[in-house]
A.B. asks: 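Supplied in structure tokens, the structure appears directly below.
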Amino acid sequence: MLNNAEWLDGLNYLDFLRDIGRHFSVNRMLSFESVKSRLDREQSLSFLEFNYMILQAYDFLELHRRYGCLLQMGGSDQWGNIVNGIDLTRRVLDDEIFGLTSPLLTTSDGKKMGKSQSGAIWLNPEMLSPYEFWQFWRNTTDADVGRFLKLYTELPVEECDRLGALEGAEINDAKIVLANEVTKLAHGAEAAAAAEATAFEVFQKGGVGEDLPTLHLSAAEAADGISLAQLFVRSGLAKSGKDAKRLIAEGGARVNDEPALDAGQMFGAGDLAGPVKLTAGKKRHARVVVG
């Protein structure tokens with residue numbers, strides 16, 4: 001694994017323009033779909049973003065020059081950047097290198113599943129708990145269940161087809177199978193079972209599952225008191241105090257399954273004596289504990 005700072009940090013801007021920039025045609029760069037689509041939608045494209053394909057192309061050149069790299073693989077949206085690297089290497093070194101792209105994974109409504117989407121799905125349990133990971137797959141759109149079972153699990157294709165064909169309330173059973181199978185592969189069978197048990201506790205019994213994302217407050221913080229809005233922000237259920245206030249004002253927040261009405265409501269040591277369950281919308285939950 002390499003860091004491209006190895007060759008980018010020492011670049012002299014004028015030298016880079018003279019030696020590398022001269023090989024790029026602005027007219028050709030504007031023809032690439034990634035740029036053209038932005039301009040067609042009249043979205044601003046900064047000079048920094050416009051230079052990204054030049055830098056990626058230069059990375060490919062340096063990887064080949066330094067380490068003999070012959071192939072760059074990427075999603076189909078990287079085709080233009082990869083081709084630029086191939087062309088730059090041919091012009092500078094007169095060497096032949098190659099690119100291979102594959103279709104992007106998208107949901108049934110055409111949205112890309114990737115890091116740029118809000119709520120990115122991390123494999124690292126410190127970035128996203130196994131319960132939240134399990135919930136992501138449990139909340140899969142009905143139309144995607146069969147395809148995702150084939151892509152992300154090791155179940156037989158026939159079983160994926162059977163589960164994907166379920167309708168009505170039964171499709172939820174298929175979603176649970178999907179969530180369990182993917183979570184087993186990423187975090188192990190115990191984590192998958194714990195996540196399912198927590199979901200049952202939270203959604204079926206209205207309890208406060210121990211596997212929920214948890215905000216730990218110190219005894220001093222509980223003694224001083226903390227507002228309801230800050231609880232939602234600190235627990236990750238709201239991005240900011242403004243976002244939390246909007247959520248509460250629109251009726252999308254609940255505390256221990258009861259509607260939350262006042263963003264400024266203060267919670268002290270007595271209110272936080274036992275675990276407090278916070279809910280944003282219908283599917284996002286967290287718990288608050290002291291200690």
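Position 1 is the first residue of the sequence; numbering continues from there.
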A.B. asks: Among Trp122, Trp137, Phe133, Trp134, whose ring pair (Phe, Tyr, Trp, His ring centres under 6.0 Å) with His187 holds?
C.D. replies: Phe133
A.B. asks: Please lay out, stage by stage, how Val92 and Leu61 fare under the test side chain to side chain contact (heavy atoms under 4.5 Å, CB included).
C.D. replies: CA-CA 8 Å; Val92 174; Leu61 166 66; 4.3 Å; yes
A.B. asks: If we check side-chain contact (heavy atoms from CB on, under 4.5 Å) with Cys160, which of these qualifies: Leu178, Thr153, Val177, Val145?
C.D. replies: Thr153
A.B. asks: Please confirm whether the backbone N or O of Gly281 pairs with a side-chain atom of Arg254, one donor and one acceptor, at under 3.5 Å?
C.D. replies: no
A.B. asks: Can you name the closest pair of heavy atoms from Gln135 and Ala199 and give their distance?
C.D. replies: NE2-CB, 3.6 Å
A.B. asks: Could you tell me whether the side chains of Glu6 and Asn3 share a donor-acceptor contact shorter than 3.5 Å?
C.D. replies: no
A.B. asks: Would you sort out whether Glu181 and Thr183 count as a side chain to side chain contact (heavy atoms under 4.5 Å, CB included), showing the intermediate values?
C.D. replies: CA-CA 6 Å; Glu181 291 298 318; Thr183 305; over 6 Å; no
A.B. asks: What heavy-atom pair brings Pro130 and Pro125 nearest, and what distance separates the two atoms?
C.D. replies: CD-CB, 4.2 Å
A.B. asks: Between Glu49 and Ser46, do the side chains contain an N or O donor and an N or O acceptor separated by less than 3.5 Å?
C.D. replies: yes
A.B. asks: Would a 4.5 Å heavy-atom cut-off, applied to side chains only, mark Ser102 and Leu100 as touching?
C.D. replies: no
A.B. asks: Out of Asn139, Asp142, Thr141, which one pairs with Lys175 under the side chain to side chain donor-acceptor pair (under 3.5 Å) rule?
C.D. replies: Asp142
A.B. asks: Would you name the heavy atoms of Leu104 and Gly75 that are closest together and state the gap between them?
C.D. replies: CD2-CA, 3.9 Å
A.B. asks: What's the separation between atom CZ in Phe148 and atom OG1 in Thr140, rounded to the nearest 0.5 Å?
C.D. replies: 6.0 Å
A.B. asks: From Gln230 CD over to Gln265 CD, what is the distance, rounded to the nearest 0.5 angstrom?
C.D. replies: 14.0 Å
A.B. asks: Any donor-acceptor pair under 3.5 Å linking the side chain of Ser235 with the backbone of Phe232?
C.D. replies: yes
A.B. asks: Could you check whether Glu221 pairs with Arg234 (Lys NZ or Arg NE/NH1/NH2 to Asp/Glu carboxylate O, under 4.0 Å)?
C.D. replies: yes
A.B. asks: Which distance, rounded to the nearest 0.5 Å, do you find between the CZ of Arg18 and the CG of Asn12?
C.D. replies: 8.0 Å
A.B. asks: Got a second to check how far Asp94's CG is from Thr89's OG1, nearest 0.5 Å?
C.D. replies: 11.0 Å
A.B. asks: Donor-acceptor pair, Asp243 side chain versus Lys239 backbone, under 3.5 Å?
C.D. replies: yes
A.B. asks: Decide yes or no for Leu215 and Arg287: does some side-chain heavy atom of the first lie under 4.5 Å from some side-chain heavy atom of the second?
C.D. replies: no
A.B. asks: Tell me the closest heavy-atom pair linking Val290 and Ala222, and the distance in Å.
C.D. replies: CG2-CB, 3.8 Å
A.B. asks: Does any non-hydrogen side-chain atom of Phe60 lie less than 4.5 Å from one of Asp87?
C.D. replies: no
A.B. asks: Which pair of non-hydrogen atoms, one from Ala57 and one from Phe24, has the smallest distance, and what is that distance?
C.D. replies: CB-CZ, 3.8 Å
A.B. asks: As an exercise, state the distance from CG of Asp77 to OG1 of Thr101, rounded to the nearest 0.5 Å.
C.D. replies: 9.0 Å
A.B. asks: What verdict does the side chain to side chain contact (heavy atoms under 4.5 Å, CB included) test give for Val289 and Leu217, after you've listed the backbone C-alpha separation in whole Å, the side-chain angles of each residue and the deciding distance to 0.1 Å?
C.D. replies: CA-CA 6 Å; Val289 298; Leu217 296 176; over 6 Å; no
A.B. asks: Would a single hydrophobic cluster contain both Leu123 and Tyr152, if residues Ile, Leu, Val, Met, Phe, Trp and Tyr are joined by side-chain heavy-atom contacts under 4.5 Å?
C.D. replies: yes
A.B. asks: Taking side chain as C-beta onward, heavy atoms only, is Leu149 less than 4.5 Å from Leu155?
C.D. replies: yes
A.B. asks: Using the rule that two of Ile, Leu, Val, Met, Phe, Trp, Tyr join whenever any of their side-chain heavy atoms come within less than 4.5 Å, decide whether Leu17 and Leu11 are in one cluster.
C.D. replies: no
A.B. asks: For Tyr13, what residues pass the side-chain hydrogen bond (donor to acceptor under 3.5 Å, both in side chains) criterion, not counting sequence neighbours?
C.D. replies: none
A.B. asks: Between the side chains of Gln56 and Asn84, does any donor sit under 3.5 Å from an acceptor?
C.D. replies: no
A.B. asks: Mind checking the CD1-CZ spacing from Ile226 to Phe267? Nearest 0.5 Å is all I need.
C.D. replies: 10.0 Å
A.B. asks: Should the pair Lys277-Asp257 be classified as a salt bridge under the 4.0 Å nitrogen-to-oxygen rule?
C.D. replies: yes
A.B. asks: Counting only heavy atoms from other residues, nucleotides and ligands, does the tally under 6.0 Å from NZ of Lys245 exceed 12?
C.D. replies: no
A.B. asks: Consider only side-chain heavy atoms of I, L, V, M, F, W and Y, link residues closer than 4.5 Å, and tell whether Leu55 and Leu2 are in one cluster.
C.D. replies: yes
A.B. asks: Test side chain to side chain contact (heavy atoms under 4.5 Å, CB included) on Met53 and Met29; report intermediate values, then the result.
C.D. replies: CA-CA 9 Å; Met53 66 175 68; Met29 292 169 71; 3.6 Å; yes
A.B. asks: Got a list of side-chain donor-acceptor pairs under 3.5 Å for residues 161-171, not counting sequence neighbours?
C.D. replies:
{"residue": "Asp161", "atom": "OD1", "partner": "Lys150", "partner atom": "NZ", "Å": "2.7"}
{"residue": "Arg162", "atom": "NE", "partner": "Glu159", "partner atom": "OE1", "Å": "3.1"}
{"residue": "Arg162", "atom": "NH2", "partner": "Glu159", "partner atom": "OE2", "Å": "2.9"}

A.B. asks: Quick one, Leu228 and Val255 - any side-chain contact, counting heavy atoms below 4.5 Å?
C.D. replies: yes
A.B. asks: By the definition side-chain contact (heavy atoms from CB on, under 4.5 Å), identify the one residue from Ile86, Leu70, Asp59, Leu88 that meets it with His64.
C.D. replies: Leu70
A.B. asks: Hydrophobic clustering (ILVMFWY, side-chain heavy atoms < 4.5 Å, transitive) - are Val276 and Met266 grouped together?
C.D. replies: no
A.B. asks: Do Ile82 and Ile54 belong together in a cluster built from hydrophobic side chains that touch within less than 4.5 Å?
C.D. replies: no
A.B. asks: Is it the case that over 12 heavy atoms from other parts of the model lie below 6.0 angstrom from the CH2 atom of Trp7?
C.D. replies: yes
A.B. asks: Restricting to non-hydrogen atoms, name the atom on Asn256 and the atom on Pro275 that form the minimum distance, rounded to 0.1 Å.
C.D. replies: OD1-O, 4.2 Å
A.B. asks: Would you check if Ile121 and Leu128 make a side-chain contact, meaning some heavy-atom pair closer than 4.5 Å?
C.D. replies: yes
A.B. asks: Give a yes or no on whether a salt bridge exists between Glu132 and Arg284, defined as a side-chain N under 4.0 angstrom from a carboxylate O.
C.D. replies: no
